[in-house]
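Structure, as structure tokens:
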Amino acid sequence: MDRLVHDVESWLREARASVAAGTLGSADLDRLAALLRRPVRQRLLYLRATDPTVDSQVIATICHEPVAGDGPCVATEPLDWPYGRVKDALLDGWQIIHFPSPEAPYHDTEIDMLGYEFVLHKLETYDD
Amino acid sequence: MIETTTLSADVQAQLVDDETVARFVVSGYHVMQPELPAGFHERVAAQLDALERNPGDGILDAVPDLQQIWEHPQVRGFLASLLGHDYAMHSHRHWHCTPPGSAGGQWHQDGRNQTHHQMPTILGFYYPQAVTPANGPTVILPGSHQRNCPTDRMGGRMSYRDQVVLTGAAGTVAFAHYDIWHTASPNRSQAARHMLKFLFKRQSPPAGPSWASTPESRAVAQSVIGGPRVVACSQSDYYKELGLRRLMWSYLQGES
């Protein structure tokens, strides 16, 4: 909800100035109501880490934005790697909604998928 | 299958050393720039541009010049080193034409996982045009050929920290273990990108090194096989990967 907080704080700054000037009116309140009515959607961040703990190193990433036409692709330019560890994403406000299963199939000599997958989300407001 | 002939002297001279084989065992890929006459790659690209439809397995008949790539001594020397001197070109091949605006693909391996501690098949990718990060390069994940992982668990369109973007000058040839994870990437340029994928098969199990093995190079190869991770992973995965590298290295030497 970073965007909503930012927009409401901005509205509050302007409202305080309007209160001081004695100009705060119903139109200002309508604008605040419109901000609060914007649809809330889920941003999804998939992180694969070397180990199933939040302080392990992130080795793969993809972020799905809830906007029409969003189609993340495999990067071909050096990536501005968002988070070194899963915990860094938590510190940035992402919340884990799926932890890697510690009961995944195990074979003593074989290796299969690469990394342990965490799914995180952030709720955000969007303009339709 | 198309049978290959006995190695000629110029191919024999291009057999690779132990270290090169070991690096392929570990990383699962190898890139080269075989030298061909000036204008060759441009001519191939123009012939591909002129095709009205994708001929599938018939691409070699449609563009016979492609045979010169796979007959090049450096190419044949590499393949003979990894697959044995009697290796064969498979009858399946494909022209991958990535048009401008293409979104690319998802991580996958071709077919199902083959016996990943052996080396029955090698993929050959030929790029007649320069490949840049913008025009849809193939992206591969080093070491992933050791992983017995179904395509739907490879991460879709994720970006991996240690992925390798196969860019290069026109005429770049890349080889990869059949099981390697790879994907097409978006083509953000204004022109189609061509890639020709061919398959090469082992015909007989290894009876010994089919490459130019020397004691000095073998020593280096041993350190490569026991070397560090090529892709970040857990310690337990790394230990198991070391075992799989050694299995493949032993297999190629005819020991298992």
Side-chain angles (χ1 to χ4, degrees), chain A residues 43-86 88-89 94 98-120, chain B residues 102-107 113 116-117 131-167 181-188 229 231-244 247:
Chain A
R43 302 177 69 202
L44 288 174
L45 177 66
Y46 289 71
L47 298 178
R48 284 200 181 182
T50 53
D51 295 278
T53 57
V54 294
D55 57 355
S56 59
Q57 183 191 9
V58 173
I59 58 174
T61 183
I62 191 169
C63 185
H64 292 275
E65 300 292 353
V67 294
D70 172 63
C73 301
V74 174
T76 57
E77 301 280 3
L79 197 62
D80 184 13
W81 205 254
Y83 305 111
R85 298 178 186 278
V86 178
D88 296 334
W94 291 92
H98 170 80
F99 286 87
S101 169
E103 289 137 10
Y106 176 78
H107 192 285
D108 204 31
T109 57
E110 295 285 342
I111 48 178
D112 40 64
M113 65 180 282
L114 180 58
Y116 292 85
E117 189 165 280
F118 292 80
V119 185
L120 304 93
Chain B
S102 163
Q106 302 198 22
W107 288 104
N113 197 275
H116 46 277
H117 63 277
V131 186
T132 70
N135 70 349
T138 308
V139 186
I140 63 166
L141 192 63
S144 57
H145 59 300
Q146 305 283 13
R147 295 181 173 272
N148 189 2
C149 180
T151 282
D152 56 14
R153 296 182 198 175
M154 291 178 185
R157 296 175 189 267
M158 275 188 161
S159 296
Y160 281 90
R161 184 185 295 273
D162 294 319
Q163 67 189 25
V164 171
V165 181
L166 292 177
T167 55
W181 301 8
H182 59 283
T183 177
S185 63
N187 184 351
R188 298 185 296 274
R229 295 166 172 84
V231 62
C233 64
S234 68
Q235 188 179 50
S236 58
D237 266 20
Y238 170 57
Y239 286 158
K240 287 190 278 188
E241 186 179 334
L242 283 175
L244 292 167
L247 264 180

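In the text below, chain A, chain B and the rest are named by the order of the sequence lines, each starting its count at 1.
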Name the region of Gln163(B), side chain, backbone, both or neither, that has any atom closer than 4.5 Å to a heavy atom of chain A.
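For Gln163(B), the side chain is the part near chain A, not the backbone.
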Relative to chain A, which segment of Met154(B) carries a heavy atom at a distance below 4.5 Å: side chain, backbone, both, or neither?
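For Met154(B), the backbone is the part near chain A, not the side chain.
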Segment of Thr61(A) engaging chain B (4.5 angstrom heavy-atom cut-off)
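The answer is both parts of Thr61(A).
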Heavy-atom proximity to chain B below 4.5 Å, by part of Leu79(A):
side chain
Only pairs of heavy atoms separated by less than 4.5 Å count here; which of Ser234(B), Gly156(B), Gly143(B) has the most with chain A?
Ser234(B)
Between chain A and each of Ala134(B), Cys149(B), Gly104(B), count heavy-atom pairs under 4.5 Å; write down the option with the most.
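Heavy-atom pairs under 4.5 Å are most numerous for Cys149(B).
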Tell me if a side-chain donor or acceptor on Thr183(B) pairs with a main-chain N or O of Gly105(B) at a distance below 3.5 Å.
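Indeed, once roles are kept as given, a pair shorter than 3.5 Å links the two residues.
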Between Tyr160(B) and Trp181(B), do the side chains contain an N or O donor and an N or O acceptor separated by less than 3.5 Å?
no
Against chain B, work out which of Arg48(A), Gln57(A), Glu77(A) has the most heavy-atom pairs shorter than 4.5 Å and name it.
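If we count pairs closer than 4.5 Å to chain B, Arg48(A) comes out on top.
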Write down the atom of Asp51(A), the atom of Phe118(A), and the distance for their closest heavy-atom approach.
O-CE1, 3.9 Å
Heavy-atom nearest pair, Pro142(B) first then Asp162(B), reads CD-O, 3.3 Å
Start with the C-alpha distance between Thr53(A) and Asp55(A), add both sets of side-chain angles, then the distance that settles side chain to side chain donor-acceptor pair (under 3.5 Å), and finish with yes or no.
CA-CA 6 Å; Thr53(A) 57; Asp55(A) 57 355; 2.9 Å; yes
When you check the gap from the basic side-chain N to the acidic O, do Arg147(B) and Asp237(B) get nearer than 4.0 Å?
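Asp237(B) and Arg147(B): salt-bridged.
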